[in-house]
Amino acid sequence: MNFIKRFFTGMKEKDSVSGPAEVENTPSEPNATSASQPAAPEPATTNENFSDAPPAPRTVLHAPVLKENLFPESSEEILIKAQPSATGDQCLFTVNRVLMNNCSWYFDSFESAAESALAEALFSLDDVETVLVCESTVTVTRKDKTLVDWAPLAKEVGAAIRGVLKEGNVLIAEKIISSIPSEETIREGIQKVIDEEVNPGVAGHGGQINLLDVKGNSVTIQMGGGCQGCSAADLTLKQGIHTSFRKAVPQVGAIFDETDHTAGLNPYFS
Amino acid sequence: MPRVLTFKVNIETGNQGPNETVNFCFNGHKMPFDNVIGSNEPESIFEGGFDVNSYAHSLTLVGPEKGKWDIEKITVDYECEGEKPYVVKWGAVTLDEKTEVNIWQDPPVPSFDV
């Protein structure tokens, strides 16, 4: 028996047992009680007799996902995998080399890529809009949002990354690496913008943003309350939160969202 | 969200196991597994599955009614409509009467070599 059949069979069985009593005790029909019928009990009594009360909600834990290696460990060849996002607006490139060690950097223009060979090579491609380098990954957004097929541009990006790695140039400018502040500075700056700008903005929808972790200059947040499960959460994250964070703390690199939008007890829109 | 046709779990229990019926929660509805092999006794392996045929919002493994359940590894095989079958593995977690653990993950986004 499948899930739906079993669920509705359970509902019917429940109705056949408790149905008549519920009709008799319906508070919306107070005048329906005749002299031959017993007086309707108090609503509190009805609730006490209702034996199928939902169990107390449990806390949903998240065990670590065991990921298998994308690449063979012994390979000396430069291997790159492209993974377009489900929304199609960006593509994640994972390389079997470390590109930035324990930090990340967001390049929003060709000018910002000066002296960083990796970013310069990527911005030399026509359709690249922004570049985010983090550990052994590069996330690229494209200018033309109408194109869904990433294959042609992904091949160009792959060739560019491979070319730069083979040349052995400085991937990320020294001035960028030296400008990255301490984790504590990043944490204070991001927490301030969350408290003073982001959370007051999403509070109208019953939402809230929590700063979970800062590692290097990469931050991890979690969306809660009405933001959890909201259909506009991705838009809020990319156009609202990212913009506010980068404006307030320009040295912030990757921004990870660890929200489980399928869980939660009170989603704004699920 | 995809329509889940069926899923199977393989749960490796560590030092503590309640040895009671194992339940899962699909979209908030608590159910026991079908086709059960083994148990969740300490150092045992539990296998079970369910033909869901419904769209997945959430899927969790429910903790025991009493005591603790040390899980070393959870492996879930999913078959979803219009998707290739896929497997997700989770590491150690301890459940009790107040907790459940997420065992749902969307089908992997396709990737390719460049």
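By convention in this document, chain letters (A, B, ...) are assigned in the order of the sequence lines, proteins followed by strands, and residues within each chain are numbered from 1. Keep in mind that the numbers below use all heavy atoms, side chains included, and drop hydrogens, waters and symmetry copies. Every value quoted in this text rests on a predicted model; they were computed, and no experiment measured them.
No more than 12 heavy atoms of other residues, nucleotides or ligands shown are found within 6.0 angstrom of NZ on B:Lys68. Atom CG of A:Asp144 has more than 12 heavy atoms from other residues, nucleotides or ligands within 6.0 Å.
When all heavy atoms of B:Asp113 and A:Lys81 are compared, the pair lying nearest together is OD1-NZ, 2.9 Å. In this structure, A:Gly158 and B:Val114 approach most closely via the heavy-atom pair CA-CG2, 3.8 Å. Nearest heavy-atom pair, B:Phe112 versus A:Ala151, reported as atom, atom and distance to 0.1 Å: CZ-CA, 4.0 Å. Residues B:Ala92 and A:Ala63 share a closest heavy-atom pair of O-CB, 4.3 Å.
Considering only heavy atoms from C-beta on, A:Leu61 comes within 4.5 Å of B:Leu95 through its side chain. Looking only at side-chain heavy atoms (C-beta outward), A:Leu66 and B:Trp90 stay at 4.5 Å or farther from each other. Between B:Lys89 and A:Val65 there is no side-chain heavy-atom pair separated by less than 4.5 Å. B:Glu100 is listed as a side-chain neighbour of A:Arg58, based on a closest heavy-atom distance under 4.5 Å.
Counting heavy-atom pairs closer than 4.5 Å to chain B, the top-ranked of the candidates A:Pro84, A:Ala82, A:Ser85 is A:Ala82.
Neither the backbone nor the side chain of B:Thr75 comes within less than 4.5 Å of any heavy atom of chain A. Heavy atoms of B:Thr99 lying under 4.5 Å from chain A belong to its backbone as well as its side chain. B:Val88 touches chain A through its side chain: at least one heavy atom from C-beta onward sits under 4.5 Å away, while N, CA, C and O do not. Only the side chain of A:Glu68 has a heavy atom closer than 4.5 Å to any heavy atom of chain B.
Taking OG of B:Ser111 as the reference point, atom CG of A:Leu70 lies at 6.5 Å (rounded to 0.5 Å).
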